[in-house]
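Right, one structure below, let's go through it.
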Amino acid sequence: MKNCIAFVSTLDEASNILWLNNLKTIFKNYEIILFKDLKEDEYTCINVAIVIKPDIKELIKLKNLKWVQSLSAGVEKLINERDSLRFNIVRMVDDNMSVVMSDSVLAWSFYLYKNMPLYKKQQNNSLWIEHEIKEKNEITITILGLGELGLASALKLKANDFNVKAWSRSKKTIEGISTYCGNDGLEEVLEQTDILVSLLPLTQATTMLLNKQKLNFLKKNASVINFSRAAIFDYKALAVLLDKKHLKHAVLDVFEQEPLIKDSSLWKHEDITILPHISGPTNKKTASKIAYENINEYFVNNKEPLFVDKNKGY
Ligand code: NAP
C-alpha cells in the first residue's frame with residue numbers, strides 16, 4: 001500500500017489543483033490527498049503533511065502527524081502555534097528561491113541606485129533634470145539576515161561591485177563583506193547604510209526590530225527594501241521618515257494584511273513602491289522535488305530532515 005501524505009492548504013481551488021498536479025507528478029510512489037478529501041478514519045494514517053498557508057485546525061485533527069513540509073521559506077505562523085502543535089516543521093530551502101530572491105534584491109537595489117523613482121516623478125511633471133550618481137562601490141547596501149536568501153543576495157550584490165555589509169544573529173566571516181551582529185552591531189551598520197534590505201525571519205526577536213528608534217539610525221537619504229515580513233518594520237514610522245525626507249524611498253513587498261487593503265495610505269505614498277509579495281516566489285517544480293526528497297528519505301531511509309528550531313523561531 002502506498003504511504004499517504006496530506007496536502008493541507010487554504011489556497012483557492014485552482015491553486016490547490018496546480019500544486020497537486022506538480023506534487024503528484026513527482027510523488028509517484030505516494031498518495032497525496034487534499035485534507036478535505038481525506039475520510040475521518042484516514043486522519044490517523046497521516047504521519048507527514050505538505051502544507052502551504054495551512055489551517056491549523058485541520059493539522060490538529062491529524063493526531064499522528066510527525067512533521068510537516070512547508071512549501072514556504074517563512075514559517076512564523078506555524079511557529080506561533082507551537083504550544084498547540086506536537087509535530088515538527090520543515091521549511092522550504094530551495095536554491096531556486098535563493099537565485100530568484102537575490103535577483104530581486106539586485107534588481108530593486110539598482111532601481112534605487114539608479115534613481116528610478118525620482119526619474120518617474122520627474123516624467124510625471126515633464127521635468128528634464130540629470131542627477132549625478134556615485135560609483136557602485138561607494139554605495140553601502142546592508143542585508144539583514146545572512147541565511148539562505150540573505151547570503152545569496154549579499155554575494156550577488158558584491159559581485160556587482162556594491163559595498164556590501166550584513167547583519168545576522170551569529171557573527172559570520174565572508175570575504176569582502178563586513179559582517180555585524182548584536183544590537184550595537186545593528187546600530188553601527190545602519191549608520192553607514194545607503195540601502196537597507198531585510199531578509200530576516202519574523203520571530204519574537206525580530207518583531208518591530210526596525211522601529212522608529214532603529215530607523216532613525218539610517219543615514220539621511222537612505223532607502224529601504226523589505227522582502228521579509230511586514231511586522232519586522234514599523235511602517236508608520238517609516239512613512240514619517242519618508243515624509244520628512246530623512247529617508248528617500250522604500251520598496252515594500254510584504255504587508256500585515258495581504259493583499260494590501262485598498263484604503264491603505266501606503267498605496268498613495270509617492271516615496272513608496274508597493275509590490276504584491278513577488279520577490280521570492282516558491283517554484284512549484286523545484287519545491288515539489290525538494291519536498292519529495294525530504295519525505296522519501298524519511299520513509300525509505302528513516303532519515304529526518306532538518307527541523308525548524310521552534311525556540312529560536314526559524
Ligand atoms: P534563514 O536561512 O533561516 O536565515 C535567517 C537569517 O536571519 C540568518 O542569517 C539568521 O542569523 C538571521 N536572524 C534570525 N534572527 C535574527 C535576529 N534576531 N537577529 C539577527 N539576525 C537574525 O531564512 P531565509 O531562507 O534566508 O529566509 C528569510 C525570510 O525571508 C523568511 O523567513 C521569509 O520571511 C522571507 N521570505 C520572503 C519571501 C518573499 O517573497 N517576500 C520569499 C521567501 C522568504 P544566523 O545566521 O546567525 O542564524
Side-chain angles (χ1 to χ4, degrees), residues 52-53 69-80 89-108 142-157 164-174 177-190 193 196-211 214 224-233 235 250-260 273-284 286-287 290 305-314:
I52 183 159
K53 298 195 169 130
Q69 169 69 63
S70 169
L71 295 170
S72 311
V75 288
E76 66 281 352
K77 289 207 171 107
L78 280 169
I79 289 173
N80 283 345
I89 301 161
V90 178
R91 65 187 201 93
M92 183 48 61
V93 176
D94 182 353
D95 288 346
N96 177 285
M97 190 185 283
S98 303
V99 171
V100 173
M101 178 59 92
S102 55
D103 282 349
S104 295
V105 169
L106 182 66
W108 294 99
T142 297
I143 307 282
L144 302 180
L146 259 183
E148 301 294 332
L149 307 179
L151 179 61
S153 302
L155 294 175
K156 196 166 277 181
L157 290 166
V164 183
K165 296 182 186 285
W167 184 77
S168 54
R169 205 164 76 108
S170 53
K171 182 83 172 116
K172 309 258 191 276
T173 309
I174 307 165
I177 295 176
S178 313
T179 57
Y180 301 77
C181 61
N183 185 57
D184 291 349
L186 178 59
E187 292 178 357
E188 187 186 339
V189 74
L190 290 177
T193 299
L196 180 72
V197 181
S198 175
L199 283 169
L200 288 165
L202 178 61
T203 66
Q204 276 179 3
T206 62
T207 301
M208 284 290 143
L209 179 75
L210 276 301
N211 57 17
K214 285 286 184 295
V224 167
I225 297 177
N226 186 13
F227 285 172
S228 52
R229 290 293 183 262
I232 294 171
F233 282 76
Y235 280 174
V251 178
L252 307 178
D253 186 41
V254 283
F255 302 91
E256 282 288 352
Q257 197 183 326
E258 293 180 2
L260 178 61
T273 297
I274 305 278
L275 302 175
H277 204 136
I278 45 83
S279 55
T282 303
N283 176 305
K284 290 189 179 61
T286 54
I290 287 160
L306 186 65
F307 296 134
V308 168
D309 181 333
K310 290 185 191 167
N311 293 322
K312 262 198 323 186
Y314 67 100

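When a ligand or atom number is given, it counts from 1 through the structure's own listing order.
Rounding to the nearest 0.5 Å gives a distance of 7.5 Å between OG1 of T203 and CD1 of I232. The line from CG of L106 to CG of L155 is 12.0 Å long, rounded to the nearest 0.5 Å. Rounding to the nearest 0.5 Å places CG of L186 at 6.5 Å from CG of L210.
Below 4.0 Å from some heavy atom of A73 lie the following atoms of ligand 1, by number and element: 43 (C), 44 (C). Ligand-side atoms of ligand 1 in range of V254: 41 (N), range being under 4.0 angstrom from any heavy atom. Taking every heavy atom of H277 and a limit of under 4.0 angstrom, the matching atoms of ligand 1 come to 39 (C), 40 (O), 41 (N). Numbered from 1 in the order shown, with element, the atoms of ligand 1 that lie under 4.0 Å from a heavy atom of D253 read 39 (C), 40 (O), 41 (N). Of all atoms in ligand 1, listed by their number and element, those nearer than 4.0 Å to a heavy atom of L146 are 6 (C), 8 (C), 9 (O). The atoms of ligand 1 that sit less than 4.0 Å from any heavy atom of K172 are 45 (P), 46 (O), 47 (O). In summary, the atoms of ligand 1 found under 4.0 Å from a heavy atom of A205, numbered by their order in the structure, are 18 (N). Atom numbering of ligand 1 starts at 1 in the shown order; those under 4.0 Å from a heavy atom of G145 are 6 (C), 7 (O), 9 (O), 12 (C).
Considering backbone and side-chain atoms alike, M97 places every N or O at 3.5 Å or more from each N or O of ligand 1. The distance criterion of under 3.5 Å between nitrogen or oxygen atoms is met by S170 with respect to ligand 1. Some N or O of G280 is nearer than 3.5 Å to an N or O of ligand 1, by distance alone. Of the N or O atoms in R169, one or more lie within a sub-3.5 Å distance of an N or O in ligand 1. Between T203 and ligand 1, not a single N/O pair is under 3.5 Å apart.
Protein heavy atom closest to atom 4 (O) of ligand 1, with residue, atom name and distance, is G147 CA, 3.1 Å. Of all protein heavy atoms, the one closest to atom 23 (O) of ligand 1 is R91 NH2, 3.5 Å. At the top of the distance list for atom 5 (C) of ligand 1, counting protein heavy atoms only, stands P201 CD, 3.6 Å. Residue, atom and distance of the protein heavy atom nearest to atom 38 (C) of ligand 1 are M101 CE, 3.5 Å. Nearest to atom 31 (C) of ligand 1 among the protein's heavy atoms is G74 CA, 4.0 Å. Protein heavy atom at the shortest distance from atom 15 (N) of ligand 1 is Y314 CE2, 3.6 Å. For atom 20 (C) of ligand 1, the nearest protein heavy atom (residue, atom name, distance) is W167 CZ3, 3.1 Å. The single protein non-hydrogen atom nearest to atom 26 (O) of ligand 1 is L149 N, 2.9 Å, given as residue, atom name and distance.
In this view, R229 and E76 satisfy the salt bridge (charged side-chain N to carboxylate O under 4.0 Å, His left out) rule, not counting sequence neighbours. Not counting sequence neighbours, E148 has no partner by the salt bridge (charged side-chain N to carboxylate O under 4.0 Å, His left out) test.
In L200, the parts holding a heavy atom less than 4.0 Å from any atom of ligand 1 are both the side chain and the backbone. Looking at R229 against ligand 1, only its side chain comes within 4.0 Å, counting heavy atoms. Contacts between V75 and ligand 1, counted as non-hydrogen atom pairs separated by less than 4.0 Å, are absent for every part of the residue.
Between S198 and S228, the side chains place a donor N or O and an acceptor N or O closer than 3.5 Å (distance only, hydrogens not considered).
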